[in-house]
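Beneath this line is the structure, given in structure tokens, with notes to follow.
Every chain is numbered from 1 and lettered A, B, ... according to where its sequence line falls, protein lines coming before strand lines. No experiment lies behind these values; they were computed from the predicted model shown.
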Protein chains: 2
Amino acid sequence: MSTDTTALDDLDFTPSGLAVGDDVADLLFREARTVNAFADGEVTDAQLEAVHDLVRWGPTLMNTVPMRTLVVRSAEGRERLAAHMAEGNRARVLAAPLTLVVAADRDFHEHLDVLAPHLPDPHGMFPDPDAREALARSSAWLQAGYLIVGLRAAGLHVGPMAGMDATGIDAEFFADNGWRSIMVLNVGTPAGPESVRPRAPRLSWDQVSAEV
Amino acid sequence: MSTDTTALDDLDFTPSGLAVGDDVADLLFREARTVNAFADGEVTDAQLEAVHDLVRWGPTLMNTVPMRTLVVRSAEGRERLAAHMAEGNRARVLAAPLTLVVAADRDFHEHLDVLAPHLPDPHGMFPDPDAREALARSSAWLQAGYLIVGLRAAGLHVGPMAGMDATGIDAEFFADNGWRSIMVLNVGTPAGPESVRPRAPRLSWDQVSAEV
């Protein structure tokens with residue numbers, strides 16, 4: 001595959017109209033499920049780095065790439081995080097092989113001389129911390145989408161959770177670096193078929209689109 | 001592949017530590033690039049539906065799936081949209097094979113009796129339009145991440161743009177349904193190697209992560 005462009009002519013399309021096979025479509029989206037109970041077994045740093053090496057290439061606003069990740073692995077770290085989760089999520093955090101706190105870095109602009117050297121004044125463009133935080137949150141959510149796909153591409157399963165005291169998490173872990181937590185992800189492999197709920201419905205293309 | 005779980009034992013891992021091949025990793029992330037100039041050729045409704053059929057399975061907060069998409073295909077629609085884009089993005093919108101306005105629907109709760117029937121009072125849970133809009137924006141950005149990956153999985157390339165008057169776009173197109181635009185995506189296939197900029201750097205895993 002050329003590094004510059006991919007011509008449609010070079011791709012084999014499946015009956016579903018995709019350029020990836022059914023196995024990939026199933027792994028990343030169609031059969032992937034939110035997991036509530038995980039099997040024993042470690043999620044390694046090498047796996048996390050492989051996922052990051054993949055998903056860091058996803059586009060963000062002005063290449064700001066503001067998503068940050070706190071890896072919660074130690075027993076003490078789990079206890080500190082669980083105390084700020086909604087009650088129904090605490091046991092899940094304590095039991096998961098690994099938990100990630102996905103966060104937005106409102107000081108992303110400190111890296112822009114490297115990330116976006118084409119900008120005339122990358123530092124001076126973002127004087128307002130509140131505006132930076134809003135931009136960081138948007139692109140961090142966008143990157144969270146890439147991250148979930150990337151974890152699945154590494155054969156891992158996720159249990160995303162938003163039931164949490166985000167302000168409490170930020171005070172607990174991010175007092176020094178100013179990161180803002182947006183989501184918590186349990187990561188591992190499913191304990192078994194009973195570790196996922198029945199598939200919830202989705203909307204049709206007609207329900208979510210319009211054309212002009 | 002089982003519909004319930006995917007055991008790691010069933011997957012073949014590549015040297016990069018992924019469960020998908022290099023061709024897929026390249027197509028979705030590593031060689032995928034933001035495209036500024038597109039080749040002639042139509043992006044069909046069938047392609048858009050195939051992408052939606054794939055990415056609609058991505059998880060969102062409480063299965064709210066609030067992302068909406070305005071498909072801008074007609075000459076008149078392009079002109080109306082281009083008028084609200086930043087000056088540097090106008091010609092791109094007019095020239096692209098297809099442009100999508102990605103939006104958040106703050107009235108997502110009207111679908112929750114179908115999407116989240118396990119919630120005790122799905123309509124009554126979300127009385128405040130501002131709180132709904134904040135939640136809708138977060139999950140719509142998350143879904144926008146899935147959408148970009150899904151378009152690439154269909155062999156398409158994207159040119160994401162945030163340089164726009166979002167309030168103007170919302171008044172122009174969404175006065176009746178209350179959608180809130182978050183991003184504009186040009187979609188097609190690249191005109192050639194010159195239609196992408198040199199690859200901008202990314203941060204290392206050590207720069208974007210911490211562990212407890």
Counting only non-hydrogen atoms closer than 4.5 Å, does [X] touch chain B with its backbone (N, CA, C, O), its side chain (CB onward), both, or neither?
{"X": "L54(A)", "result": "both"}
{"X": "L61(A)", "result": "side chain"}
{"X": "V55(A)", "result": "both"}
{"X": "I182(A)", "result": "neither"}
{"X": "Q143(A)", "result": "neither"}

With a 4.5 Å cut-off on heavy-atom pairs, point out which of [options] contacts chain A the most.
{"options": "G21(B), A50(B), A32(B)", "result": "A50(B)"}
{"options": "T60(B), L48(B), V20(B), T69(B)", "result": "T69(B)"}
{"options": "S204(B), S138(B), G163(B), A140(B)", "result": "S138(B)"}
{"options": "A162(B), P201(B), G58(B), S74(B)", "result": "P201(B)"}

Examine distances only and state if a side-chain atom of [X] and a backbone atom of [Y] form a donor-acceptor pair shorter than 3.5 Å.
{"X": "R137(A)", "Y": "R180(A)", "result": "no"}
{"X": "R199(B)", "Y": "R197(B)", "result": "no"}
{"X": "S139(B)", "Y": "A136(B)", "result": "no"}

Measure up the W205(A) and H52(B) rings against each other and bin them: parallel (under 30°), tilted (30 to 60°), perpendicular (over 60°).
tilted
Test side chain to side chain contact (heavy atoms under 4.5 Å, CB included) applied to A210(A) - qualifying residues, sequence neighbours left out
L70(B), W179(B)
Residues forming a side chain to side chain contact (heavy atoms under 4.5 Å, CB included) with D53(B), sequence neighbours excluded
R56(B)
Could you pull out all donor-acceptor pairs under 3.5 Å where a side-chain atom in residues 109-119 of chain B meets a protein atom, sequence neighbours excluded?
from    : atom 1 : to      : atom 2 : distance (Å)
H109(B) : ND1    : R132(B) : NE     : 3.3

Taking only heavy atoms into account, what residues of residues 38-45 of chain A are found under 4.5 Å from chain B?
D45(A)
Heavy-atom contact with chain A under 4.5 Å, split by part of [X]:
{"X": "L203(B)", "answer": "both"}
{"X": "M67(B)", "answer": "backbone"}
{"X": "L81(B)", "answer": "neither"}
{"X": "V149(B)", "answer": "side chain"}
{"X": "A46(B)", "answer": "neither"}

Between N63(B) and R202(A), do the side chains contain a donor N or O and an acceptor N or O under 3.5 Å apart?
yes
Counting heavy-atom pairs under 4.5 Å with chain B, which one of R73(A), R30(A), Q207(A), M161(A) comes out on top?
R73(A)
For V184(B), run the side chain to side chain contact (heavy atoms under 4.5 Å, CB included) check against I169(B), V72(B), V102(B) and tell me which one passes.
I169(B)
With side-chain contact (heavy atoms from CB on, under 4.5 Å) as the test, would you mind laying out the steps for M183(B) and W141(B) before giving the verdict?
CA-CA 9 Å; M183(B) 186 171 62; W141(B) 276 110; 3.9 Å; yes
Under the salt bridge (Lys or Arg N to Asp or Glu O under 4.0 Å) rule, what do R106(B) and D130(B) come out as? Steps first, then yes or no, please.
CA-CA 8 Å; R106(B) 61 180 180 172; D130(B) 291 339; 5.4 Å; no
If the test is side chain to side chain donor-acceptor pair (under 3.5 Å), which one of T34(A), T99(A), N89(A), N36(A) qualifies with N186(A)?
T99(A)
Check for me whether the distance between the ring centres of Y146(B) and Y146(A) falls short of 6.0 Å.
no
